[in-house]
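Written out below as C-alpha cells is the structure these notes cover.
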Number of protein chains: 2
Amino acid sequence: MKKPLSPSLLLDEQLCFALYAASRRMTAVYRPLLEALDLTYPQYLVMLVLWERDGVTVRELGERLQLDSGTLTPLLKRLEQAGLLGRRRRQSDEREVEITLTDAGHTLRVRAAEVPRCLAEKLCMSVDAFTRLRDELKNLATQLASPTDPTPIDPGE
Amino acid sequence: MKKPLSPSLLLDEQLCFALYAASRRMTAVYRPLLEALDLTYPQYLVMLVLWERDGVTVRELGERLQLDSGTLTPLLKRLEQAGLLGRRRRQSDEREVEITLTDAGHTLRVRAAEVPRCLAEKLCMSVDAFTRLRDELKNLATQLASPTDPTPIDPGE
DNA sequence: GAAAATTATATTGTGCACAATTAAATTTGA
DNA sequence: TCAAATTTAATTGTGCACAATATAATTTTC
C-alpha cells in the first residue's frame, strides 16, 4: 500500500498551483512599492542585477534572470526611455549590447533599499524560515531545470 | 547585534526571485506535457477546477484561481474554440456566465491524469517534502494576501 | 416601484514570457 | 581565406496578468 506522489488532479493538492499563486501574490505585494519607483517587478529584478554589477550584456542579464531577449529587449528599451540606463554595442564584439546605468539609475538604488525592508515587515518570518524557504525554492528550480534526470529511458536526438 | 530580515538588494538573497524563478521553471516543465493536450498552463488550471466541479461561473473560477475576467474571458473563449467547454449566461442571473465542460472536455481528464505522474518523477521528492513545501507556499500566499497586517499604522479610507 | 448602489462580465491597453525566426557579427575549419 | 557554423540581439506572434473602464443585470433603499 504505497501512496504515490501526488497523482491527484485536485487543484489544492498541486505544488505547481501553490507556487504559481504564491509567486503572483508576491509580485502583487511588490507592485505598490515599486510603483513609487516607477518600476515593474521584472524591471526591478533587472535593476538588482545592474546595481550589483554595471556594464553587463543582455546575454549576461538573461542568464542571471533566466529571461530571453524577447523579454529583455523591450523591457530594457523602456528602462532606457525612463532614463535609468543606456544600451550600446560593445566595441570588442558588436553582437553584444552592453547595459550601463545612468546617474539616475544609480541614484534609484537608495530609494529601492526601502523595498526589502517593507517586504520583511509584510512577511513576518524569522530569518531562518526565510532562508530555508528561499533555498528550498532554489533547489526545486535546480531539480526542475535538470535535463532529463529522472526519466528512465530517453535516447535523445 | 540583531541581523535584520533580508535588507539586502542582492538578487540571490531575495525570496521573491527564488519564488519567481521556481514558478517559471515549473510551468516550463509542464509546457511539453500540456502541449500534448493542447493546453497552456493557466488553461490546465481552469480545467482542473472544472474537472472538480462543472458548471461554475467565471466569478467562481476567478476566486479559485485568483484571476480576473480580463484574464479568464479570453482564456475561456480559447477553450471554447477548442471545443472543451461551453459558456452561457445563467437563467437565474444573467450577469453570470456559466462554464460547462463538453464531452471532449470531460474526456481530456483521462489523458491529463498522466501529467501529475510525470511531474512526480521529475520532482524526485518524498511525499512529506512535497506536502511541506506546498503548505509553506500556501501559508506564504495567505500571509502576503493579508490586508495591511504588519503595517504599524493605517487608518484606512 | 424607481433611483442609487452593487455585482458580474467584457473590453481596452500595457507589460511581461516565450517560441520561432531573422540578421548581423564572430569563430571555426577545411 | 573563405564558407560554414556559432553566437548575440532583435523581431514577430501568441497568451497570459492586471489595471482601468464600460456595460448590463440585479439588489437595495427610500
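None of the values given here were measured: they were computed from a predicted structure. Order of the sequence lines fixes the chain letters, A, B, ..., with proteins taken first and strands second; residue numbering starts at 1 for each chain.
Figure legend: A/Arg24 and A/Tyr20 shown as a cation-pi pair, the cationic atom lying under 6.0 angstrom from the six-membered ring centre and within 45 degrees of its axis.
No side-chain heavy atom of A/Leu85 sits under 4.5 Å from any side-chain heavy atom of A/Asp54.
Projected onto DNA chain C by closest heavy-atom contact, A/Gln91 and A/Gln66 fall at different nucleotides, the more 5' of which corresponds to A/Gln66.
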Can A/Val56 and A/Glu98 be said to form a side-chain contact (heavy atoms from CB on, under 4.5 Å), step by step?
CA-CA 6 Å; A/Val56 299; A/Glu98 186 176 281; over 6 Å; no
I would like to know whether A/Asp12 and B/Lys138 meet side-chain contact (heavy atoms from CB on, under 4.5 Å); could you show each step before the answer?
CA-CA 9 Å; A/Asp12 290 340; B/Lys138 285 188 186 185; 3.9 Å; yes
I'd like to know whether A/Leu19 forms a side-chain contact (heavy atoms from CB on, under 4.5 Å) with B/Arg134, so could you lay out the CA-CA distance, the side-chain angles of the two residues, the decisive distance to 0.1 Å, and finally the verdict.
CA-CA 7 Å; A/Leu19 191 56; B/Arg134 185 195 63 201; over 6 Å; no
Sugar-phosphate or base contact per nucleotide [nucleotides 7-17 of chain C; S, B, -; heavy atom under 4.0 Å]:
BSSBB---SSB
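Residue pairs meeting the side-chain hydrogen bond (donor to acceptor under 3.5 Å, both in side chains) criterion with at least one partner in residues 78-87 of chain A, sequence neighbours excluded, are A/Glu80-A/Arg87.
As judged by a 4.0 angstrom heavy-atom cut-off over every strand, B/Ser23 is placed among residues making no nucleic acid contact.
Between A/Arg88 atom CZ and D/dA9 atom P the separation is 14 Å, expressed in whole Å. Taking atom CG of residue A/Leu34 and atom P of nucleotide D/dC18, one finds them 14 Å apart after rounding to whole Å.
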